[in-house]
Amino acid sequence: MITCEFDRRRFLQWTGASLFATLSTSLSLESLASAASSSPLATNAQILVIVTLYGGNDGLNTVVPFTDPTYQSARSNIALSSSQVLPITDTLALNASIPQIKALYGQNKVAIIQGVSYPNPSLSHFSSMAIWQSASPTAALSSGWIGRWLDLQPHSAFNAIGIGSTLPPLMVGDKSVASMVDIGAIQQPWGPAASQLPYLGRTSPTDVPLGAAAATSITDFYTTARALGPLVPTSPTGTFLDEQLSVVSTLINANVPTRVWEVNLSSFDTHVGEQADQNALLTELDSAIGNFMTSISAGSHPNDVTVMIYSEFGRRVMSNAGLGTDHGTAGPVLIIGNTVKGGLYGEQPPLDSLDENGNLKMTTDFRDVYGGLLEDVLDTSVSDIIPSWKTSLSVL
Amino acid sequence: MSPSTSYAQRLATARLLHRFSFGPTPGQYSEMLQRGLGATHELVLQHGLPDPALDSLPSLNLPLLGQIPEAGSPDAASFWSTIFSGQTALISWWLERMVLATSPLEERMTWFWHGHWATSVDKVIYPLAMQKQNDTLRRYALGNFSDMARAMVLDGALNFWLDNEENYLSSPNENLARELMELMTIGVNNFTQHDVVAAARALTGYATNQANGDVTFDPAQHYTGPLTVLGRTSKLDAPSLVSLIVSKELNASFISKRIWFRFVSGSTEPPAALARSFGRRSIFDLVSALVRSDAWINPANSLVKSPIEWFAGACRALKVNPSSLDTANLHWFLSQMGQVPFNPPNVGGWPYGQAWLSGSVFQYRFMVVEMMLASGDLSPLSVPQSEMVQACADWLGVAEWTARTGNELDAARSNPIQMATIALLSPEYVVSI
């Protein structure tokens, strides 16, 4: 973002926003329940937090086959040395930039699913991300997998919430879309029209479909603003992903009735200068996840939260001369939570048996990963969400 | 609604003005309803004439800066301050042009092409290189697409953005080659990985000056063997690679679909005739065919305005120059709505459609309206109270209010600011219905 801290501070001053701490401490469960149009999250309702890494995270430098001679030779200019990794088995290690995730792995709270992709992998960011988000390897579906889950739920603005200002396709269904919560302050309109603006959120029989969608977004804004506004930090600190996840953990701990959350981190497209860039991004991911799990473990739903971390593809096994990697295929998916059965799942794809483009061959279909989460976390049969898919990989 | 004007004409006229002209200036919609659709086609297609409103704007003279200093070095603070103020000035400069242009088609098409060749200052850093790219996009905005693509493949900001300075003979970098075909010329699934590998070789030997956006060619670093791209084998450099790709029929259908998608609808398909109008790769021929088509009376072809299109339209209606607004707040609001010129989220360009219809965008739309109305010209609402609601539709170029919005506007007749706030945030104005 171009906006610098100065602008943000100026903005917060201009809106008269005050600090999160002063607003949140006095907030009781009762006041949230009365502010929300919906009842608070049911006890033991399971919650899924989806972390999307945009750009194609290099799986081989995240979960590292550090003793494989091919790993060192194929990417000698970016291969991590033994001092840059944290071993988890004799042959596999985590990038040393994710020590907190390593510690959670040691507590059996991290499932590492290896070699995840789909048949005939696309090397296009857009196609591959569309496939991951729609759960449709042939791109036959335009709706997202969480969107289709939303379609099956009784309508509520709270069922699924994305952090940010634009909806990711995974949260768009055929009938329903998720709500969005900005990590900045939620501020209700003021001035002479303020009392009338909520009425623009009613759909009209003569609305075109997009006009009706615009109206619905206004109603959803007021619904979420009334319920969540007092909870959202107006002056977030920390890194971008940490800010997003701190909003999510605050709202989960306040029993907001939301089953699916989405946050995201970009810039994993490391065609050049990969090591420094990826390590910085993984450090950001690690500290955000560490803080999030600490907050969840101390909160009201310690055993109900499951985090999934994925990217649209991994990267080429062989590095390029620009100290980076081009687009690849299979990569690891990480699933983290206090009730996750930690450990390694699936097979690490061999580095000496690549496809025609020099990319890894997948060993686990991503639909199995979604299947496990749909059935274990979202109480939904995988075949209701992913047409003609019946298998699932359970890690809970 | 005057009895002589049909709803179809109101709809088509409003759509043409919003989608090709950043929205009507005060009085323009009523005038074009009077003059008819043919005259509206001519109006929105007007370009290339001297424009005193744009000529009188101060020119943007960004300094040529040196290399990025080491963090913590004595020069770092002043370097970054110059970079950031230059980025801000560049954004403001372009917003001003969108709003003040008498015939905005050239700016509107430049805005489209910016999203098409989406390059972000976030990575390029130097605003001078982004300004140079913007000049190139404007030069060819309505010209020949083949010429534009040949100029863009040698654009420094695009080359740096897509890592072509790291594309070596000994070790190719496929980023520019892939996105050139996938996103900019022929579209996904119309080429193979072999085509990408070959195209990347054709793009070797080009060095980028990140600071000024120049690209220089070093034949010694260029792959000179024959290359097979899209079934044809020849020696290729960057311009001849682009000529080969753009000559394919796929390019005509791809570009005409991209234009349809951003100007007409994300849910309907263009007629085959549209691609045929692009046979000679003349962008003006394509836009002209589209403007004169019957797409505008099809009720299905509604489109969500992107935040910039909505903002520029509101400024034009209110006679507010963006430069008169608080720059820091304005740019903050735009970034919160997810659309800052020169900073698209990724090489795929801006989101579209329902992605702009989140509660969060609504919140910041309100803040922008609040800021604009402090100085906006509301004289088009200075009519008898019984005529205000219709006058508001005619002023903003809304074909027809729904009962919902009409009722709220009706209840706000005592206060023009109140009425304008409701109108500018209404579904009928946020969406080009």
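Keep in mind that what you see is a predicted model, and the values were worked out from it rather than measured. Side chains included, hydrogens not; waters and symmetry mates left out as well; all remaining heavy atoms used.
Between B/Val431 and A/Ala214, the closest heavy-atom pair is CG2-CB, 4.0 Å. Closest of all the heavy-atom pairs between A/Ser204 and B/Ala403 is OG-N, 3.8 Å. Shown here for B/Tyr168 and A/Ala321, the closest heavy-atom pair between the two residues is CD1-CB, 3.5 Å.
Residue with the most contacts toward chain A among B/Ile422, B/Thr421, B/Val188, B/Ile433: B/Ile422 (heavy-atom pairs, distance under 4.5 Å). Of the listed residues A/Leu323, A/Thr206, A/Thr219, the one with more heavy-atom pairs under 4.5 angstrom with chain B than any other is A/Thr206. For the set A/Gly211, A/Ser122, A/Pro189, A/Ala193, the entry with the most heavy-atom pairs within less than 4.5 Å of chain B is A/Pro189. Per-residue heavy-atom pair counts under 4.5 Å with chain B were compared for A/Ala213, A/Pro192, A/Gly322, and the maximum is reached by A/Pro192. In terms of heavy-atom pairs under 4.5 Å with chain B, the best-connected choice from A/Asp269, A/Ile218, A/Asp220 is A/Ile218. Highest contact tally toward chain B, considering only A/Met318, A/Arg202, A/His125, is held by A/Arg202 [criterion: heavy-atom pairs under 4.5 Å].
Atom OG of A/Ser217 and atom CD of B/Gln354 lie 9.0 Å apart (nearest 0.5 Å). Taking OG of A/Ser124 as the start and CG of B/Asn189 as the end, the distance is 8.5 Å to the nearest 0.5 Å. A distance of 6.5 Å separates CG in B/Leu357 from CG in A/Leu210, rounded to the nearest 0.5 Å. Rounding to the nearest 0.5 angstrom, the gap separating the CG atom in B/Asn164 from the NE2 atom in A/His271 is 11.5 Å. Note that the CG atom of A/Asp326 and the OG atom of B/Ser171 stand 7.5 Å from one another [nearest 0.5 Å]. One distance of note links CD of A/Gln196 with CG of B/Leu409; it measures 8.0 Å at 0.5 Å rounding.
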- Task: Would you sort out whether B/Phe366 and A/Leu197 count as a side chain to side chain contact (heavy atoms under 4.5 Å, CB included), showing the intermediate values?
- Result: CA-CA 10 Å; B/Phe366 169 78; A/Leu197 292 176; 3.9 Å; yes

- Test side chain to side chain contact (heavy atoms under 4.5 Å, CB included) on B/Gln193 and A/Leu123 and set out the steps. CA-CA 8 Å; B/Gln193 175 64 14; A/Leu123 300 185; 3.3 Å; yes

- Message: Determine whether A/Phe126 and B/Leu183 satisfy the following criterion, side chain to side chain contact (heavy atoms under 4.5 Å, CB included), listing intermediate values before the conclusion.
- Response: CA-CA 9 Å; A/Phe126 304 94; B/Leu183 297 172; 3.3 Å; yes

- Before giving the answer on side chain to side chain contact (heavy atoms under 4.5 Å, CB included), spell out for A/Phe221 and B/Val361 the whole-Å C-alpha distance, their side-chain angles and the decisive distance to 0.1 Å. CA-CA 9 Å; A/Phe221 166 76; B/Val361 175; over 6 Å; no

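A donor-acceptor pair shorter than 3.5 Å cannot be found between the side chains of B/Gln363 and A/Gln187.
For a residue to count as touching a neighbouring chain, one of its non-hydrogen atoms must lie under 4.5 Å from one of that chain's; by this rule A/Tyr222 touches chain B with the side chain only. Heavy atoms closer than 4.5 Å to chain A are found in both the backbone and the side chain of B/Glu408. Heavy atoms of B/Ala411 lying under 4.5 Å from chain A belong to its backbone as well as its side chain. Neither the backbone nor the side chain of B/Val197 comes within contact range of chain A, judged by heavy atoms closer than 4.5 Å. Contact annotation for B/Pro172: only backbone heavy atoms (N, CA, C, O) come within less than 4.5 Å of a heavy atom of chain A. Residue A/Asn320 touches chain B through both its backbone and its side chain, counting heavy-atom pairs closer than 4.5 Å. Only the side chain of B/Asn415 comes within less than 4.5 Å of a heavy atom of chain A; its backbone N, CA, C and O stay farther away.
By the 4.0 Å N-to-carboxylate-O rule, B/Arg404 lies close enough to A/Asp207 to be salt-bridged with it.
B/Tyr352 OH: 12 or fewer foreign heavy atoms inside a 6.0 Å radius.
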